[in-house]
Amino acid sequence: MAHKVSVLRDKNTPSPVFRQLTDELVTLLAYEATREVKTVEVEVETPVATTTGIAFAKPTPLVVPILRAGLGMLEGMTRLVPTAEVGFLGMARNEETLDIITYAERLPQDLTGRQVFVLDPMLATGGTLVEAIKFLFDRGAADVTCICLIAAPEGIAKLEAAHGGNDSVHLVLASLDEKLNEKAYIVPGLGDAGDRLYGVAH
Ligand SMILES: O=P(O)(O)OC[C@H]1O[C@H](OP(=O)(O)OP(=O)(O)O)[C@H](O)[C@@H]1O
Ligand SMILES: O=c1cc[nH]c(=O)[nH]1
Ligand SMILES: [Mg+2]
């Protein structure tokens, strides 16, 4: 995993390779993130006999990539949990004020009892994830697991302060980096994940 993160960080890694590596990394992280997913026993008919298998418990788990950069993680996640449902949140950080603007959402109004898996490669100040988690709990989510590639200690601290007491909030990471710079970018980080994935058109 560490090797993949190193290539991801390299500013000379072009978007197609960056996308491929993001996809591979999230599948590795998703394995860890879904260890606690609620399951139920189901009867399975094999070509030979009837047996007991397992399936996701209802309500179906919900995967929520945070646009733009979270989208780069979606395929890798749905490859591991193909029967999960997918909802979308579009959130952007104002680079001057660091305020978070939620500019799009396509999510069920009622998330009562649902296990939600949030996808976002970067946890910098924590503003985006704190807001996203609040949004999901406000709609009734039972449990939120955030899958990120890289985090700064400042972002972890903000998440702890906002949701630390809630043992239904979980975080899975590929790398905990050193700090934020004066522009609130993660150091050493990988730059702006959305730009690295999709080019600079924002
Ligand atoms: O922890 P924070 O300080 O909130 O920063 C992290 C957020 O910043 C980046 O998104 P950005 O706002 O650049 O939008 P993008 O995903 O469309 O690039 C990244 O994808 C995270 O969502
Ligand atoms: O380093 C950072 C910080 C915020 N958002 C990013 O995409 N990268
Ligand atoms: Mg983003």
Side-chain angles (χ1 to χ4, degrees), residues 1 4 19-46 51-91 100 102-123 126 128-151 155-156 159-160 162-175 193-194 197:
M1 178 143 20
K4 290 183 191 290
R19 285 195 288 268
Q20 177 60 34
L21 284 166
T22 298
D23 184 82
E24 290 166 9
L25 273 169
V26 73
T27 301
L28 298 173
L29 293 173
Y31 178 77
E32 178 58 31
T34 54
R35 287 164 76 95
E36 306 296 317
V37 72
K38 291 192 189 69
T39 57
V40 289
E41 286 199 344
V42 289
E43 192 176 271
V44 177
E45 298 284 338
T46 79
T51 183
T52 305
I54 64 163
F56 286 140
K58 294 288 181 206
T60 311
L62 180 70
V63 173
V64 180
I66 308 280
L67 306 182
R68 290 178 302 171
L71 205 51
M73 300 171 76
L74 182 58
E75 285 301 305
M77 184 71 183
T78 49
R79 190 175 306 123
L80 198 91
V81 287
T83 56
E85 288 177 15
V86 181
F88 296 87
L89 269 179
M91 303 175 84
I100 306 301
T102 300
Y103 60 84
E105 62 103 349
R106 290 287 279 162
L107 282 167
Q109 279 301 327
D110 180 5
L111 296 176
T112 303
R114 301 195 73 166
Q115 276 190 285
V116 184
F117 295 89
V118 174
L119 307 178
D120 197 338
M122 309 303 274
L123 169 53
T128 301
L129 272 190
V130 163
E131 195 108 349
I133 292 167
K134 184 181 177 316
F135 190 102
L136 296 164
F137 278 116
D138 286 351
R139 292 207 177 178
D143 192 281
V144 177
T145 300
C146 301
I147 304 177
C148 302
L149 300 183
I150 297 187
I156 303 272
L159 212 53
E160 280 287 333
H163 302 291
N166 182 345
D167 58 14
S168 300
V169 176
H170 318 279
L171 174 65
V172 178
L173 279 186
S175 170
L197 281 162

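Just so it is clear, the values below take in all heavy atoms, side chains as well, and ignore hydrogens, waters and symmetry mates.
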statement: Here the pair of heavy atoms bringing Leu123 nearest to Gly126 is CD1-CA, 3.4 Å

Per-pair distances, 0.1 Å, donor-acceptor, side chain in residues 26-39, under 3.5 Å, sequence neighbours excluded:
residue	atom	partner	partner atom	Å
Thr27	OG1	Asp23	O	3.2
Thr27	OG1	Gly76	O	3.0
Thr27	OG1	Arg79	NH1	3.4
Thr34	OG1	Ala30	O	2.8
Thr34	OG1	Tyr31	O	3.4

Let me have the donor-acceptor pairs involving side chains of residues 131-138, under 3.5 Å, with sequence neighbours excluded, atom names and distances please.
residue	atom	partner	partner atom	Å
Lys134	NZ	Asp138	OD2	2.6

message: If I take atom CZ from residue Phe88 and atom CG from residue Leu119, how far apart are they, to the nearest 0.5 angstrom?
response: 10.0 Å

- line: Note: Leu67 and Gly90 closest approach over all heavy atoms is CB-CA, 3.8 Å

- prompt: Do you know the tightest heavy-atom contact between Pro65 and Val86?
  reply: CD-CG1, 4.0 Å

message: Could you report the tightest heavy-atom contact between Ile156 and Ala151, atom names first, then the distance?
response: CD1-CB, 4.0 Å

- request: Can you measure from CG (Leu89) to CD1 (Ile66) and round to the nearest 0.5 angstrom?
  value: 5.0 Å

- line: One should read off an interatomic distance between Met91 CE and Thr102 OG1, to the nearest 0.5 angstrom, of 3.5 Å

query: Which heavy atom of Phe56 sits nearest a heavy atom of Ala84, and at what distance?
result: CE1-N, 4.3 Å

- line: Rounded to the nearest 0.5 Å, the OG atom of Ser168 sits from the NE2 atom of His163 at a distance of 12.0 Å

Nearest heavy atoms of Met73 and Pro121, plus distance in Å: SD-N, 3.4 Å

task: Kindly compute the distance separating CD1 (Ile147) from CG (Asp120), expressed to the nearest 0.5 Å.
output: 11.0 Å

statement: Hits for salt bridge (Lys or Arg N to Asp or Glu O under 4.0 Å) against Glu24, two or more places apart or cross-chain, chain-then-number order -> Lys4

message: Is it true that, when you exclude Glu45 itself, more than 12 heavy atoms of the residues, nucleotides or ligands shown sit nearer than 6.0 Å to its CD?
response: yes

- prompt: Distance from Glu41 atom CD to Ile54 atom CD1, nearest 0.5 Å?
  reply: 9.0 Å

message: Contact between Leu159 and Val130 at the side-chain level, heavy atoms closer than 4.5 Å - yes or no?
response: yes

